[in-house]
Colleague: 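So that we are looking at the same thing, I have put the structure below in structure tokens.
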Amino acid sequence: MTLIEAGASDAADPLHSVRDRFALPEGVIYLDGNSLGALPRTTPARLQQVATQQWGDGLIRSWNAHDWIGAARRIGAKIAPFIGAQPDEVVVADSTSANLYKLLVAALKARPGRATILSEPGNFPTDLYIADGAAWSVGDARIRTVPVDTIVDAIDDDVAVVMLTHVHYKSGAMLDMAGITAAAQARGALVLWDLSHSVGAVPLDLTGCNADLAVGCGYKYLNGGPGAPAFLYVAKRHHATLRSPLSGWLGHAAPFDFSDDYAPAADISRFQCGTPPILALAALEEGIAQFDGVDRDALIAKSRALGDSCIALVEARCPELTLISPRDAARRGSHVSFRHPHAYAICQALIDRGVIGDFRAPDALRLGFAPLYIGFADVWRAVDILRRILDDRSWDDPRYHARNAVT
Ligand SMILES: *Cc1c(COP(=O)(O)O)cnc(C)c1O
């Protein structure tokens, strides 16, 4: 592909004008929307309005007058179509980490006589760490990891819950949600899917997969802003039986009865904990609104085509890098990763030249394509800059080798 052909693909892209909804800085090619989504142009004004009018003028009246109290359910219902769930099966709450904890403990308790959380080595760190903490706090439970291609065979009658990330944060590999869910359920286990790298970028059908449980992130493809609240999904058939170990008052059946005894809400609200962050919820709602009017099939087709074009260009022009991600776009999320022994320094040199991707230890350069605002010419230019950095070895500058706290 040439730059002219990339430009022609952008001109033919039905979503090309959607990038104008985002306040992307001049001279930056932002290939990290899978880690922190870009700022929607409307978000600062929305935050200003919620702060000055709803908080400043409305004060505590806004819990009712502006439905602050219903925001977690309202925004959860807006996320539901992204994941193929019913509106009353999703709620926004806490962080992805906290939601993993709530659902893992609930799942362990719902499968008495089974004490294993089954996952894969190399899953996202917080998922494995939280599983460790959930097993520790339930007592007499454990986490076990096996290579993901052997996961189904490893589900024995001690496995209470299988916890997997649907799109792997490093490789971008996408798992067979329907197949793994059915196999686990046939063996009596529940399945908890982490959708952090999936939601807003790949097709998801939790209802069609008969999924049990899921969590996901608000600040990646959903554009909710740094540290945005996360969401969780619990299939309706589990609402009556699964209980959150973080039995905060907003999960109570009647929080404003102020009774002493805990009685969980009958619906998905039982997985809320404490008072929600209203400013952060407003930013998340604005982030999700950027998908309004965007055809989902066109979005997914574009995501796959961007990844394909990146792989083709890097393999043609930068053979020093080795593809880690699946070549088949239907088995991949919206990011691709390449291995190089100096991936960290190369990534820093790219960032210095306005191409923002990221590095994942030990040796992966990760490039993400948020299909709402990345185009084909962006991909072409990013690979062109990568080629130049490799040619002039400018990455081999001491300042690019010093590791930052966040990579
Ligand atoms: C981004 C991400 C998280 C983030 O968890 P936080 O609680 O927001 O820090 C968790 N799991 C996966 C798979 C992720 O990609």
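Since we're looking at a predicted model, the values are computed, not measured.
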Colleague: Spell out, as yes or no, whether a donor-acceptor pair under 3.5 Å connects the side chain of Lys170 to the backbone of Ala361.
Modeller: yes
Colleague: What residues form a side chain to side chain donor-acceptor pair (under 3.5 Å) with Asp32, not counting sequence neighbours?
Modeller: none
Colleague: Tell me, please, which residues at least two apart from Asp391 pass salt bridge (charged side-chain N to carboxylate O under 4.0 Å, His left out).
Modeller: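 Salt bridge (charged side-chain N to carboxylate O under 4.0 Å, His left out) check on Asp391 returns Arg387.
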Colleague: Keeping Arg41 on the side-chain end and Asp20 on the backbone end, is there a donor-acceptor pair under 3.5 Å?
Modeller: yes
Colleague: Answer with yes or no whether the side chains of His238 and Asp212 bring together a donor and an acceptor at under 3.5 Å.
Modeller: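 Side chains of Asp212 and His238: pair found under 3.5 Å.
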Colleague: Not counting sequence neighbours, which residues clear side chain to side chain contact (heavy atoms under 4.5 Å, CB included) with Leu323? List them please.
Modeller: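 For Leu323, the residues satisfying side chain to side chain contact (heavy atoms under 4.5 Å, CB included) (neighbours in sequence not counted) are Ile311, Glu315, Ser325, Arg327, Phe338.
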Colleague: Check whether Arg366 reaches the backbone of Tyr169 with its side chain - one donor and one acceptor, N or O, closer than 3.5 Å.
Modeller: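 Present.
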Colleague: With Arg111, which residues qualify under side chain to side chain contact (heavy atoms under 4.5 Å, CB included), at least two apart?
Modeller: Arg114, Ala160, Leu190
Colleague: Sort and list the pairs that fulfil ring-ring contact (aromatic ring centres under 6.0 Å, His included) and have at least one residue in residues 16-45, not counting sequence neighbours.
Modeller: Phe22-Tyr373
Colleague: Assess the side chains of Asp94 and Tyr101: does a donor N or O sit below 3.5 Å from an acceptor N or O?
Modeller: no
Colleague: Kindly say whether Leu372 contributes a backbone atom to a donor-acceptor pair with the side chain of Lys302 at under 3.5 angstrom?
Modeller: no
Colleague: Check salt bridge (charged side-chain N to carboxylate O under 4.0 Å, His left out) between Arg403 and all other residues, then give those that pass, not counting sequence neighbours.
Modeller: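 Listed in chain order: nothing, the list is empty.
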Colleague: Please check: side-chain N/O of His335 versus main-chain N/O of His168, any donor-acceptor pairing under 3.5 Å?
Modeller: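 Answer holds: yes.
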Colleague: Taking His340 for the side chain and His342 for the main chain, is one N or O donor matched with an acceptor at less than 3.5 Å?
Modeller: yes
Colleague: In terms of side-chain heavy atoms, does Glu286 have a donor or acceptor partner in Thr43 at a distance below 3.5 Å?
Modeller: no
Colleague: Can you tell if the side chain of Met177 reaches within under 4.5 Å of the side chain of Asp205, non-hydrogen atoms only?
Modeller: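 Sidechains of Asp205 and Met177: no contact.
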Colleague: Could you check if a side-chain atom of Phe231 sits within less than 4.5 angstrom of a side-chain atom of Ile83, using non-hydrogen atoms only?
Modeller: yes
Colleague: Could you walk me through whether Ile268 and Val90 satisfy the side chain to side chain contact (heavy atoms under 4.5 Å, CB included) test, starting with their C-alpha distance in whole Å, then the side-chain angles of each, then the deciding distance to 0.1 Å, before giving a yes or no?
Modeller: CA-CA 7 Å; Ile268 190 77; Val90 186; 5.9 Å; no
Colleague: Using modelled atom types only, decide if a donor and an acceptor are shared between the side chain of Ser244 and the backbone of Leu246 within a distance under 3.5 Å.
Modeller: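 A pair under 3.5 Å: yes.
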Colleague: So, for Gly225 and Leu36, which heavy atoms are closest and what is the spacing to 0.1 Å?
Modeller: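 Result for this residue pair: C-CD1, 3.9 Å.
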Colleague: Do any N or O atoms from the side chain of Arg331 and from the backbone of Pro326 form a donor-acceptor pair under 3.5 angstrom?
Modeller: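 No, the answer is negative, given that no donor and acceptor are paired below the 3.5 Å cut-off.
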Colleague: Among residues at least two apart in sequence or on other chains, which ones pass ring-ring contact (aromatic ring centres under 6.0 Å, His included) with Tyr129?
Modeller: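 Tyr129 satisfies ring-ring contact (aromatic ring centres under 6.0 Å, His included) with no other residue.
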Colleague: Within a radius of less than 6.0 Å around CZ of Arg317, do more than 12 heavy atoms belonging to other residues, nucleotides or ligands occur?
Modeller: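 Yes - once you tally the heavy atoms of other residues, nucleotides and ligands closer than 6.0 Å, there are more than 12.
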Colleague: Hey, does Arg353 have a side-chain heavy atom less than 4.5 Å from the side chain of Ser394?
Modeller: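 Yes, at least one pair of side-chain atoms sits under 4.5 Å.
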Colleague: What residues form a side chain to side chain donor-acceptor pair (under 3.5 Å) with Lys236, not counting sequence neighbours?
Modeller: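 So Lys236 forms a side chain to side chain donor-acceptor pair (under 3.5 Å) with Asp88.
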Colleague: Test of understanding: with salt bridge (charged side-chain N to carboxylate O under 4.0 Å, His left out), list the residues that count as partners of Asp156, not counting sequence neighbours.
Modeller: Arg144
Colleague: Locate the shortest heavy-atom distance separating Val159 from Ala189; write the atom from each residue and the value.
Modeller: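 Closest approach of Val159 to Ala189, heavy atoms only: O-CB, 3.5 Å.
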Colleague: Under a 3.5 Å distance rule, please check whether Asp13 uses its side chain to pair with a backbone N or O of Leu15 as donor and acceptor.
Modeller: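 Here the side-chain-to-backbone pair exists.
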Colleague: Anything under 3.5 Å between a donor and an acceptor, one on a side chain of residues 55-62, the other on a protein residue two or more places apart or in another chain? List them.
Modeller:
from, atom 1, to, atom 2, distance (Å)
Arg61, NE, Gly58, O, 3.1
Arg61, NH2, Asp57, O, 2.7
Ser62, OG, Gln54, O, 2.6

Colleague: Using the salt bridge (charged side-chain N to carboxylate O under 4.0 Å, His left out) criterion, which residues pair with Glu120? Sequence neighbours excluded.
Modeller: none
Colleague: Answer yes or no: is there a side-chain heavy-atom contact under 4.5 Å between Asn34 and Ser334?
Modeller: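 No; the side chains remain at least 4.5 Å from each other.
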Colleague: Taking all non-hydrogen atoms of both residues, which atom of Leu299 and which atom of Gly200 are closest, and how far apart?
Modeller: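 What the structure gives for the nearest pair is CD2-O, 3.6 Å.
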Colleague: Would you list the pairs meeting ring-ring contact (aromatic ring centres under 6.0 Å, His included) in which at least one residue belongs to residues 71-97, sequence neighbours left out?
Modeller: Phe82-Phe291
